[in-house]
Amino acid sequence: MHTFTGRTAIVTGGSRGIGFAIARALLAEGAQVTITGLDDGHLSSARRRLEGAGPGSVEALRADVRKYDDVRQAIDATVARFGGLDFLVNNAGVGVFTHAAEMTPEQWSRVIDTNLTGVFYACHAAIPHLRRRGGGFIINISSLAGKNAFVGGSAYCASKSGLNAFSEALMQEVRYDNIRVSYVMPGSVATGFSGNDETSGADWKVSSDEVAEVVLNLLRHNPRSLPSRVELRPSKPRK
């Protein structure tokens, strides 16, 4: 498959950073893409910029992945507009970085509910549509933090470790429905994630476009085999 003309994708957390880059790359290949997010301003801005990204069509919907009804409604609206669903990219994520003893229960829940439970919600709502389509692809954007724990990252690392295990189990559950599941584990990425300056370290960090390239390569991969996990890290990190 060289283009994605006629294919429909949903990218959660698609208004900025990695999600925006993935949506833009899909649109450039002719896909019809829905992006979701929490901020109406960011969604409107992203939609305007994406409308000229390629021959594909774009929709922007506000949806909180921590709320199942929000996720289900966004997926159903996408299917109603575009006629089906082929690709789900679970990219929405947050990070709260502090010691466990100092983290509030609300902060813990925000991270786990967004990064892990939100992925379950999206998969649960999307799988019936993918089955009706005869198959499809689910790609979960995880992190190297899912295998490399660090001080101050208890919630974030736990959420990404759980996401990795969830992805591997789900991959085995739906493989005979012709639904492929992969997860991508980027290392340091130059984005505005968790309030960081997106230009900081841009000379050595992985770019959002490079993560998007990995996602497109997965979608293009021969269905006879499955790269079920991809680790992506800077070639030359700071010493």
Side-chain angles (χ1 to χ4, degrees), residues 10-23 34-46 60-75 88-126 138-167 170 183-201 205-208 211-212 215 232:
I10 295 177
V11 182
T12 68
S15 65
R16 294 183 292 172
I18 292 173
F20 181 85
I22 293 169
T34 291
I35 60 170
T36 70
L38 285 174
D39 188 286
D40 290 328
H42 290 152
L43 284 168
S44 297
S45 174
L61 299 174
R62 189 186 186 284
D64 185 345
V65 298
R66 297 171 295 178
K67 299 177 180 178
Y68 182 72
D69 284 346
D70 276 20
V71 176
R72 179 182 53 79
Q73 289 168 13
I75 290 174
L88 168 65
V89 181
N90 287 302
N91 168 76
V94 298
V96 176
F97 301 104
T98 186
H99 289 203
E102 298 164 2
M103 178 174 289
T104 67
E106 292 75 20
Q107 289 173 322
W108 172 270
S109 294
R110 179 176 173 234
V111 174
I112 299 298
D113 291 350
T114 301
N115 298 358
L116 182 55
T117 305
V119 174
F120 162 71
Y121 286 162
C123 292
H124 188 274
I138 297 171
I139 297 180
N140 298 326
I141 305 302
S142 184
S143 168
L144 286 176
K147 58 176 280 189
N148 301 322
F150 56 89
V151 172
S154 56
Y156 187 74
C157 294
S159 72
K160 294 302 185 178
S161 180
L163 175 56
N164 297 347
F166 172 78
S167 301
L170 182 66
Y183 59 105
V184 181
M185 302 168 66
S188 299
V189 183
T191 69
F193 181 72
S194 194
N196 292 327
D197 180 356
E198 63 185 55
T199 63
S200 177
K205 290 182 179 180
V206 174
S207 74
S208 295
V211 181
V215 170
L232 182 67

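Values in this document were obtained by computation on a predicted structure and should not be read as measured data. Here, residue 1 is the first one in the sequence, and each next residue gets the next number.
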Provide the closest heavy-atom pair for N90 versus C123 in the form atom of the first, atom of the second, distance.
-> ND2-SG, 3.6 Å
In Å, rounded to the nearest 0.5 Å, how long is the span from CG of L116 to OH of Y121?
-> 10.5 Å
List in chain and number order the residues that pass side-chain hydrogen bond (donor to acceptor under 3.5 Å, both in side chains) with K147, two or more places apart in sequence or in another chain; answer none if no residue qualifies.
-> E231
Nearest 0.5 Å please: distance from the OG1 atom of T117 over to the OH atom of Y68.
-> 13.5 Å
Separation of D70 CG from T12 OG1 (nearest 0.5 Å) = 12.5 Å
Quick one: side-chain hydrogen bond (donor to acceptor under 3.5 Å, both in side chains) partners of S142, sequence neighbours excluded?
-> N164
Considering non-hydrogen atoms only, spot the tightest contact between R72 and A125 and give its length.
-> CA-CB, 4.0 Å
For D64, check side-chain hydrogen bond (donor to acceptor under 3.5 Å, both in side chains) against everything at least two apart and list the hits.
-> R66
Residues A145 and F150: closest non-hydrogen pair is CB-CE2, 3.8 Å
Side-chain heavy-atom pair L38, R62 within 4.5 angstrom cut-off = yes
Locate the shortest heavy-atom distance separating A149 from C157; write the atom from each residue and the value.
-> CA-SG, 3.7 Å
Under 4.5 Å between any side-chain heavy atoms of I141 and V215, yes or no?
-> yes
Evaluate the criterion side-chain contact (heavy atoms from CB on, under 4.5 Å) for residue pair K205 and V189; output intermediate values, then yes/no.
-> CA-CA 5 Å; K205 290 182 179 180; V189 183; 5.8 Å; no
Just jot down the side-chain hydrogen bond (donor to acceptor under 3.5 Å, both in side chains) partners of S167, sequence neighbours excluded, or say none.
-> N140
Side-chain heavy atoms of D39 within contact of S15, under 4.5 Å | no
Heavy atoms, side chains only, cut-off 4.5 Å: are F166 and Y183 in contact?
-> no
Value rounded to 0.5 Å, distance of CZ in R16 from OG in S45 | 10.5 Å
Spatial distance of atom CG (L43) from atom OG1 (T36) [nearest 0.5 Å] | 7.5 Å
With sequence neighbours left out, the residues meeting side-chain contact (heavy atoms from CB on, under 4.5 Å) with S161 are none
For S44, what residues pass the side-chain contact (heavy atoms from CB on, under 4.5 Å) criterion, not counting sequence neighbours?
-> R48
Please round to the nearest 0.5 Å and tell me the distance separating atom CD1 of I10 and atom CG of L88.
-> 6.5 Å
Closest contact, heavy atoms only, N115 versus L163 | O-CD2, 4.0 Å
Taking S159 for its side chain and Y156 for its backbone only, find out whether a donor-acceptor pair lies under 3.5 Å.
-> yes
Closest non-hydrogen atom pair between L61 and A74, with its separation | CD1-O, 3.7 Å
